[in-house]
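Only one structure is covered here, and it is reproduced in the block below.
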Amino acid sequence: MSIRVLLADDQALLRATFRILIDSCDDMEVVGEASDGAEAVQLTGVHRPDIVLMDIRMPGTDGLAATSAICADPDLSATRVLILTTFETEDYVAQALRAGASGFLGKDVTADTLLAGLRTVSGGEALLSPGATRTLITRFLTSPAPGAQLAPPERLADLTVREREVMALAAEGKSNTEIAEDLTLSPLTVRTHIHRAMTKLGARDRAQLVVIAYQTGLVRAARPRS
């Protein structure tokens, strides 16, 4: 089945470029275009895409507010949001992840990287660009805004030892294949552990599972270099 993508960007030329690129792939299709955040929310409800490729800076309702609205709607739980923006700052990355985004890329990425990113997020994995570093997690995700704690530390007791182990490695940025190699497991087994941990902790996707790992102290981020 094709990966169904909704484009949300206020630049019509950029949307047209993305549409041509995505529609050129046999496994993807663009199902709609939005020029602002409010329209992105409305069209997501209509088309139920697999992924919304979302710009942050748009007139009126911005991409962060639109992401929050989409991710908070239980009827849209199957839709993932991939943030694509020229404003690749730590604060924007943190806000996007807190809003529920599954991935974040700068607009300077290559076409191949963008398409790979769409496939990664569609497959249920988190995607962070090189700019989304461990420093980001140290500064923002371990000190969440009031009410932003996704799961209390005691919820970790619901996980098996192996699930906690796999979750910790995922929080370090390792892929399922890399985790499988580290633990001498199959990638399918790793994926199963990831999904069980997500279910037990109420995580929407892998990105939220990573946030929970740091917020609960399962993984400690290194101190930023001075």
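- Two residues are said to be in side-chain contact when any heavy atoms from C-beta on lie closer than 4.5 Å; Leu169 and Leu183 meet this criterion.
- Using a 4.5 Å cut-off on side-chain heavy atoms (C-beta onward), Leu53 and Leu114 make contact.
- Distance check, rounded to the nearest 0.5 Å: OH of Tyr214 to CG of Leu209 gives 11.5 Å.
- Arg15 places a side-chain N or O within donor-acceptor distance of the main-chain N or O of Asp9, the cut-off being under 3.5 Å.
- Under the side-chain contact (heavy atoms from CB on, under 4.5 Å) test applied with Thr67, the options Leu82, Val81, Val41 reduce to a single match, Val81.
- Taking the side chain as every heavy atom from C-beta outward, Glu29 and Ser2 approach each other to under 4.5 Å.
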Could you give me the CA-CA distance, side-chain angles and deciding distance for Leu84 and Asp55, then say whether side-chain contact (heavy atoms from CB on, under 4.5 Å) is met?
CA-CA 5 Å; Leu84 186 67; Asp55 187 24; over 6 Å; no
side-chain contact (heavy atoms from CB on, under 4.5 Å) assessment of Arg80 paired with Val52
CA-CA 6 Å; Arg80 301 286 177 257; Val52 179; over 6 Å; no
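- Between atom OG1 of residue Thr79 and atom CZ of residue Arg4 there is a gap of 8.5 Å, rounded to the nearest 0.5 Å.
- Minimum heavy-atom separation, Val210 to Ala170: CG2-O, 3.8 Å.
- Between the Arg164 side chain and the Ala197 main chain, no donor and acceptor come within less than 3.5 Å of each other.
- Between Val5 and Asp50 the shortest side-chain heavy-atom distance does not fall below 4.5 Å.
- Side chain of Thr199 to backbone of His195: a donor-acceptor contact under 3.5 angstrom is found.
- No donor-acceptor pair under 3.5 Å is formed between the side chain of Thr184 and the backbone N or O of Ala180.
- Using a 4.5 Å heavy-atom cutoff, the side chains of Asp10 and Pro59 are in contact.
- Between the Asp62 side chain and the Ile56 main chain, no donor and acceptor come within less than 3.5 Å of each other.
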Given Met54 and Leu7, is the side-chain contact (heavy atoms from CB on, under 4.5 Å) satisfied, shown in steps?
CA-CA 7 Å; Met54 182 84 74; Leu7 304 176; over 6 Å; no
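- Between the Arg48 side chain and the Asp75 main chain, a donor and an acceptor come within less than 3.5 Å of each other.
- Taking each heavy atom of Val166 and Ile179 in turn, the nearest pair found is O-CD1, 3.9 Å.
- Salt bridge present: Asp27 and Arg119 bring a charged side-chain N and a carboxylate O closer than 4.0 Å.
- Residues Cys71 and Ala101 share a closest heavy-atom pair of SG-N, 4.4 Å.
- In this structure, Asp23 contributes its side chain and Val30 its backbone to a donor-acceptor pair below 3.5 Å.
- Under the 4.5 Å side-chain criterion, counting only non-hydrogen atoms from C-beta, Ile3 is in contact with Ile51.
- Formation of a donor-acceptor pair under 3.5 Å by the Arg19 side chain with backbone atoms of Val31 is not found in this model.
- The shortest heavy-atom contact between Ala72 and Pro74 is O-CD, 3.2 Å.
- A side chain to side chain donor-acceptor pair (under 3.5 Å) with Glu163 is found for exactly one of Arg196, Lys200, His193, namely Lys200.
- Note: Thr177 OG1 to Asp182 CG = 11.0 Å, rounded to the nearest 0.5 Å.
- Atoms CE and CG, on Met58 and Leu64 in that order, are 9.0 Å from each other to the nearest 0.5 Å.
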Using the side chain to side chain donor-acceptor pair (under 3.5 Å) rule, take Thr189 and Thr192 through it: C-alpha gap first, then chi angles, then the decisive distance, then the call.
CA-CA 5 Å; Thr189 299; Thr192 298; 5.9 Å; no
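- For Gln42 (side chain) and Ala38 (main-chain N/O), no donor-acceptor pair under 3.5 Å exists by modelled atom type.
- The shortest non-hydrogen separation linking Pro49 to Thr44 is CD-O, 3.6 Å.
- Between the Thr216 side chain and the Ile212 main chain, a donor and an acceptor come within less than 3.5 Å of each other.
- Between Leu6 and Glu33 the shortest side-chain heavy-atom distance does not fall below 4.5 Å.
- Here the closest heavy-atom approach between residue Cys25 and residue Leu115 is recorded as SG-CD1, 3.6 Å.
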